[in-house]
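Every number for a ligand or one of its atoms is a count from 1 in the order of the listing.
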Amino acid sequence: MPDLWVKHCGISHTGSFKDLGMTVLVSQVNRLRSAPLNRPIAGVGCASTGDTSAALSAYCAAAGIPAIVFLPTDRISLAQLVQPIANGATVLSLDTDFDGCMRLIREVTAELPIYLANSLNSLRLEGQKTAAIEILQQFDWEVPDWIIVPGGNLGNIYAFYKGFEMCRELELVDRVPRLVCAQAANANPLYLYYKSGWADFKPMVAADTFASAIQIGDPVSIDRAVFALKATDGIVEEATEEELMDAMSLADRTGMFACPHTGVALAALFKLRERGVIKTNDRTIVVSTAHGLKFSQSKVAYHSKEIANMACQYANPPVNVKANFGAVMDVLKKKLDGKLCL
Ligand SMILES: N[C@@H](CCOP(=O)(O)O)C(=O)O
């Protein structure tokens, strides 16, 4: 595909696209808490699969606002867990999944003066929609054909729609791209809803997925996402664990260091290309949502071929060699077979 692009939204302060919206939200809370408004907001809280909590904690620390984060125990990466801890947030590790954390934070914020920072808060989406505006600007206001976004809690797919639609209303562009929401097959309530012809939405208990940031079975922005997809003649696609890990690893071979969620979006692209839905020359943007360094554990497992029932076809394990010249030369000659001009 000559016109395929990856929009990196994870090369940012806390390593994910959540920075775009969280800086807006925390800035607004800061304004509300300060004179002359002096609103009695004791802190800002969120449920998270790791990226939202990292962004919230960082911006709250900078603003001197207490952050409270609810995380599902053992369901986020180590790097994501340590981010709010390091930034001094109050971290509650809860014996439930993300959806359980989400339910609890909604109950708690209804009782206590804690401002809810999840993406059902439209301030977040106002920030996140800037990625869509930036894409248009980067293409000199030529509208791409497709935008592929990984989806879990589903605020982001709507934020993209909001950004594109705003530019269309302002007549900066004359149309909006078609949106594709890509889900992990282990956490695919939107995909199943789409497949039912939007007849029947059933929240689910999301199973474990390497794309842990989108391991969500009851997305809070389901209605907004469906609205965005219907308005853009959008598509929902899914990726199995093997498909997403292979796609991520293949992307890494090009010099990226993609996260598993970017793998989900890339796997969706491969499927849509195979079916001829996305054409060779279509300008297509795959949204990369987080920095791969947050997911080193799963990359190590893949490259060590430690994942049960997965061929790990792009695994590139380190070669253990004795530290002597002969042994090293043997390995290199074998590796570079036919490419050495000695
Ligand atoms: N993937 C998210 C889950 C929370 O979603 P949000 O859209 O409400 O921020 C995360 O990184 O925590």
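For T280 (side chain) and M1 (main-chain N/O), no donor-acceptor pair under 3.5 Å exists by modelled atom type. Judged by distance alone, the side chain of E126 and the main-chain N or O of L123 form no donor-acceptor pair under 3.5 Å. Side-chain N or O atoms of D145 include none that pairs as donor or acceptor with a backbone N or O of T284 at under 3.5 Å. For T209 (side chain) and S212 (main-chain N/O), no donor-acceptor pair under 3.5 Å exists by modelled atom type.
Ligand 1 lies out of reach of G155, whose nearest heavy atom is not under 4.0 Å from it. No heavy atom of G152 sits closer than 4.0 Å to any atom of ligand 1. Distances shorter than 4.0 angstrom do not occur between any heavy atom of S53 and any atom of ligand 1. Taking a 4.0 Å cut-off on heavy atoms, R124 registers as neighbouring ligand 1.
Relative to the ring axis of F257, K299 places its NZ or CZ within 45° and under 6.0 Å from the centre.
Of the protein's heavy atoms, T52 OG1, 2.6 Å lies nearest to atom 9 (O) of ligand 1. S48 OG, 2.5 Å is the protein heavy atom nearest to atom 12 (O) of ligand 1. Among protein heavy atoms, atom 7 (O) of ligand 1 sits closest to S119 OG, 2.6 Å. Among all protein heavy atoms, the one lying closest to atom 5 (O) of ligand 1 is N153 ND2, 3.2 Å. For atom 3 (C) of ligand 1, the closest non-hydrogen atom on the protein side is T49 OG1, 3.5 Å.
Under the 30°/60° scheme for interplanar angles, the aromatic rings of Y158 and Y161 are found to be tilted.
Among the atoms of F98, none of the N or O lies under 3.5 angstrom from an N or O of ligand 1. Any N or O atom pair closer than 3.5 Å counts here, and N118 shares at least one such pair with ligand 1.
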Report, one line per pair, each donor and acceptor closer than 3.5 Å where one atom sits in a side chain of residues 18-27; sequence neighbours left out.
unit_1, atom_1, unit_2, atom_2, d
K18, NZ, T52, OG1, 3.4
D19, OD1, T14, OG1, 2.6
D19, OD1, Y59, OH, 3.4
D19, OD2, S12, OG, 2.7
D19, OD2, H13, N, 3.1
D19, OD2, T14, N, 2.7
D19, OD2, T14, OG1, 3.3
S27, OG, T23, O, 2.6

Would you list the atom pairs, donor with acceptor, under 3.5 Å between side chains in residues 310-329 and any protein atom, with sequence neighbours excluded?
unit_1, atom_1, unit_2, atom_2, d
Q313, NE2, D246, OD2, 3.2
N324, OD1, G326, N, 3.3
N324, OD1, A327, N, 2.9

